[in-house]
Each structure stands twice: as structure tokens, then as C-alpha cells.
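Written out below as C-alpha cells is the structure these notes cover.
Side chains included, hydrogens not; waters and symmetry mates left out as well; all remaining heavy atoms used. Every chain is numbered from 1, with letters handed out A, B, ... down the list of sequences. None of these values were measured; they are calculated from a predicted model.
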Amino acid sequence: MIDRVRFAPSPTGFLHVGSARTALFNWLHARSTGGTFVLRVEDTDAERNRPELVSNLLAELEWLGLDWDEGPYHQSERRERHREVVEDLLGRGLAYLCDADNREVDGSSVTDGLAARFRMPVGQRVGFDDIVRGEVSFATDDLEDFVIWRSNGSPMFLLANAVDDADMRITHAIRGEDLLSGVPKVLLLLDAMGAPHPTYAHLPLLVNEQRKKLSKRRDDVSIADYRERGYLAEAMVNYLALLGWGPPDDVEIRPLHEIVELFRIEDVNKAPAFFDLKKLEHVNATHLRALPKDEFIERVGPWIDDAPWPADRFDPAIFSTMVDLVQEKLRTFGDTTRFVDFLFLEDPVDDADSWEKTMVKGRSAAEVLDGTAAAFADCAWEAGVLKDVVAEVGEGVGLKLGKAQAPLRVAVTGRTVGPPLFETMADFMERSEVLRRIARARARL
RNA sequence: GCCCCCAUCGUCCAGUGGCCUAGGACGCCGGCCUUUCACGCCGGUAACACGGGUUCGAAUCCCGUUGGGGGUGCCA
């Protein structure tokens, strides 16, 4: 029998990184074992039963490359089946109807205004063998009768979850540890239906710096936000795979297809993992550098289209050459424009920190600008020559090239950080424009 | 409160009784390279929460303590 796993998100309007990690681990298990990955939308709550919320979710899963084999099924479309199970339980006395004050009411069919509760057995212990956690058990005496059908005529999550897992013949329920304590109730429900138990694997939670479950309010948890900031899908899934799992050969940064080969759900750890943006950036930068130039240019397109310069000043040919100079310096696609914007902007940006650092606190800014302006006026317009000129001017005021080029760089590009300066000026900028920018900066001093 | 889970460098991962004077990665700190930044290279910092057992031997097994987290809805 082949394994059947499912990702069963509740549509909240966006894909949360924790959910993405759960989806990824389910997908990895399916792909690495030749199993089936089912997508099921848990929208029993009427509030969440909105198509546009679901389509966002699907789009992000597709972006991550997590393709599903079945579904998406919608729990909201299975209400009759859920009702049937509830009424069966009522008929057998395993559940009972109750009113708004939680008083038991006679009857064996669900009616408007009445909820149904599952009757918790007394004195039992419900246990299971979790793939990542081992043996886990709960005493039914610590649990209470729980609602399985709402008075508004809809099934509750646990009921729908149990019925759907059974009907869809799910063999492995791989999901977040926050759902661990709901397992005994589901098991009891499955037993009542005479359905087999799936094997559970509860993944450690993703936590923030305070070691609390990642929260929508305080933390950056939206996959879409990371995508928009210029993170690569391949970096995102690569990093997510590293939270709670590690490759046996210690090679952390690698393509998804290799992870599929190495992944085993039994190797997942139990301890919560901190979502470390610094490491994500490192993983992303590594994948970004590895992109072939053509592909980089194609994929960075949206950020270029969105750049702060006037569209008619942009020159694709210049940009293409600049890619050779800046691709290795970037951490995300979103970083790209600030490395090249000075070439396409009328005037360089005014970056306060850069100005402060070189023009105000730096030594001899005026002398360097005056000296280079004078020498640039009639020297050969070649990178090597420009470099020699700046080195010479620097020498005159006791600065090495590294320091001497700083004011010039800020005058021309607006920033202390950027591509190699002399090559860029010689190849892509007019002498007159460079002189204009030097003069412009000099006037501000 | 009650129930459940967790516990190796700041962080992620390795380690499943001897190969551990605990390994890799991110970060951080030095150095090299260098026209900035980055990359690359070299080096460094830094951990088995604590206390009892079991054993010839424990990061690895057991118990307890402490700490942290999750759950405890007619949300999922």
C-alpha cells in the first residue's frame, strides 16, 4: 500500500511559513516514498469558506513547487457526509445533542439551534506511536466531551478531520506539534466509526526569538512577503527543510530533488526550531549566486520593472553587463536595484548614512573631489587610468585607494556600497556626467 | 490550574553506550585578498540545563528537578 499524506490548511488568506514547512514535509514524504500528496482545504468555519482565500494559498504552494496529486478537496463540500457520521454517533449514544447552555437534549438527528457533543469515555487511556515523538498517551478522564457539530449546522474541525482522513484513506498525518493534544479525540472518533488510525508525525514548531510559536501579528510569517522581497522559492524550501531535519552528509545548501532523495520522516527532530532570517538570507544568497545569468535577468524582471528610475532611462544592455558585476553581491532580488540605480537615475540617490560616513566624518572629501574633478577633466576615459588618478589624488592627502575612492563613489553613485567604480564609470558613464555629479556633491559639502 | 511535549555552541543541524579532549553550517571576531560591499580562503569564539541512578564506560538509557513550549473554543 502506498503512503497517502495530506496538507490540510485552513484558508486564512495567506500561506504561513509554518504551514509551508508542514506542506513541504508532507510533500517530501510523498515524493521520497512514491506516495500520494493530497491537498484538502479545511474550511468548515463559514468565515473561512471564501474562494479568494484559497486561491492565494494554492498560488503560494505552486510557487514553492509543492505540487499535489489529489484535490484540493473542500471540507465545506462534504457536510452531508459529516452530518451522516454525527447522526450515526447520536443514534448509537456515543454523542448527544445539547442546547446553548450545554444541557443535554434528547434526539438523534441534528437540528438547528442544537450542537452535538461526543461523549468522552471514562477511565481509558488513549495512546499512539508518533513517528517523531514516540509513544504518547492521554487519559480520557482529563478530556471533556467535545463539540462535533455546531448549532449553526456545520461540523467541527476534529470531526471533519477524522471523517475526511478516514474517507480519504490517509495513512500518515504529518503536521505541527500544536495539534498533538487533539489526537486522542480524533482517535476516539475513528474508533467509533470503525476506521483505522493513521500514523502520526508531529513536527516541531517553528518559533521566534522568544521561543514562542511564530505568530501572524509579531513575526514575518507570510510566504508571499518573502517572495515579494526577492527570496527564491528554491532557497525558501531549502531553508525550511533544514528546520527540524538535516541531511546525513551535512551538505545544507542543495536543490530540492536531492533533498527528496535524502529525506526520511523518521529523521525529523523533536525540538522546536528558531526561524533564523540571517541563515535564510545566506541560503538565498547562495542560490541567487548560482543562477545562470540569463535566468537571473529573467527572474529579477519584476523588481526591475518596479524600480525607482524613469522607465525611459533604463538600458537593458547596460543592466545585462552590470549583472556580471553585482549578482554575487546580492542577498535577494530586492537588493538589485540599489546596486545599479545610479546609472539610470537622473541624480544619484541621497543616502544619508553614506553621506555622513564619507563626506562629513571621512577625511579630505573636498580635496579628493577637487583633485579628481581636475584630473578627470582631460585624462583618458579608461578604468585603469581613472583608478590611477584617484590613487594619486589620494596619495596627495595621505589616503590609500580604498579610502580615497569613497567620497568619489558617494558623489557618483550616492552610496558607499556598489559595483566596482572605475569600470562602471569608464564603461557606462559620460565624462561630463561624472564631472557634474562630482561638482554637485562638492557644492553640498 | 490541569494535560501533553521538548531540552547539544547565540541559532540550525550531526551525534542513538566506547571512534567525543563533541563535528558541520549560520552569526560573530580576527587575518588574507581588495577600488567600496560582497565572494573566496585561513584562523578563532562558543554547547551536552541541573541532580541522582544504571553501566567497566553516558551527550547518548532510567528517574527527578529546573527551564521552555503547546493544548485546554459551538477557531483550525
Atom [atom1] of [X] and atom [atom2] of [N]: how far apart are they, to the nearest Å?
| X | N | atom1 | atom2 | value |
| --- | --- | --- | --- | --- |
| A:Glu209 | B:G69 | CD | P | 13 Å |
| A:Phe339 | B:C37 | CZ | C1' | 6 Å |
| A:Leu277 | B:G10 | CG | P | 20 Å |
| A:Leu159 | B:C75 | CG | P | 13 Å |
| A:Glu177 | B:G69 | CD | P | 13 Å |
| A:Asn208 | B:G10 | CG | C1' | 15 Å |
| A:Arg6 | B:A76 | CZ | C1' | 12 Å |
| A:Arg264 | B:A14 | CZ | P | 12 Å |

Between [M] and [N] - [atom1] atom distance, rounded Å:
| N | M | atom1 | result |
| --- | --- | --- | --- |
| B:U34 | B:G27 | C1' | 23 Å |
| B:C33 | B:G40 | C1' | 8 Å |
| B:G43 | B:C37 | P | 23 Å |

* Parallel, tilted or perpendicular: ring planes of A:Phe263 versus A:Phe25, cut at 30 and 60 degrees -> perpendicular
Can you tell me whether the side chain of [X] and the base of [N] have a donor-acceptor pair closer than 3.5 Å?
| X | N | answer |
| --- | --- | --- |
| A:Lys278 | B:C26 | no |
| A:Ser151 | B:C74 | yes |
| A:Lys403 | B:U36 | no |

* To do: For A:Gly182 and for A:Gly418, find the nucleotide of RNA chain B with the closest heavy atom, then tell me which residue's nucleotide is more 5'.
  => A:Gly418
* Position toward the 5' end of RNA chain B (nearest nucleotide), A:Lys185 or A:Ser137 -> A:Ser137
Heavy-atom distance under 4.5 Å between the side chains of [X] and [Y], does that happen here?
| X | Y | value |
| --- | --- | --- |
| A:Thr416 | A:Asp353 | no |
| A:Leu256 | A:Trp27 | yes |
| A:Arg150 | A:Thr44 | yes |

Within the structure shown, what part of the strands sits under 4.0 Å from [X] by heavy-atom distance: base, sugar-phosphate, or nothing?
| X | result |
| --- | --- |
| A:Pro272 | sugar-phosphate |
| A:Asn269 | sugar-phosphate |
| A:Val136 | sugar-phosphate |
| A:Ala139 | nothing |
| A:Trp149 | nothing |
| A:Leu421 | base |
| A:Arg125 | sugar-phosphate |
| A:Leu205 | sugar-phosphate |
| A:Phe138 | sugar-phosphate |
| A:Glu328 | base |
| A:Phe157 | base |
| A:Arg289 | sugar-phosphate |
| A:Ala406 | nothing |
| A:Pro419 | base |

Closer than 4.0 Å, any side-chain N/O of [X] to the OP1 or OP2 of [N]?
| X | N | answer |
| --- | --- | --- |
| A:Lys270 | B:C5 | no |
| A:Arg211 | B:C5 | no |
| A:Thr12 | B:A76 | no |
| A:Arg133 | B:G70 | no |

* Full working for side chain to side chain contact (heavy atoms under 4.5 Å, CB included) between A:Met322 and A:Phe339 -> CA-CA 9 Å; A:Met322 289 304 293; A:Phe339 275 88; over 6 Å; no
So what's [N] paired with, Watson-Crick or G-U wobble, going by both distances under 3.5 Å?
| N | answer |
| --- | --- |
| B:U60 | none |
| B:U65 | B:A49 |
| B:G40 | B:C32 |
| B:G1 | B:U72 |
| B:C19 | none |

* **A:Arg6 bridged to A:Asp164 by N-O distance under 4.0 Å** => no
* Asked: Where the side chain of A:Tyr239 meets the backbone of A:Phe275, is there a donor-acceptor pair that is under 3.5 Å apart?
  -> no
* A:Lys185 charged N/C atom sitting above A:Phe146 aromatic ring, 6.0 Å / 45° -> yes
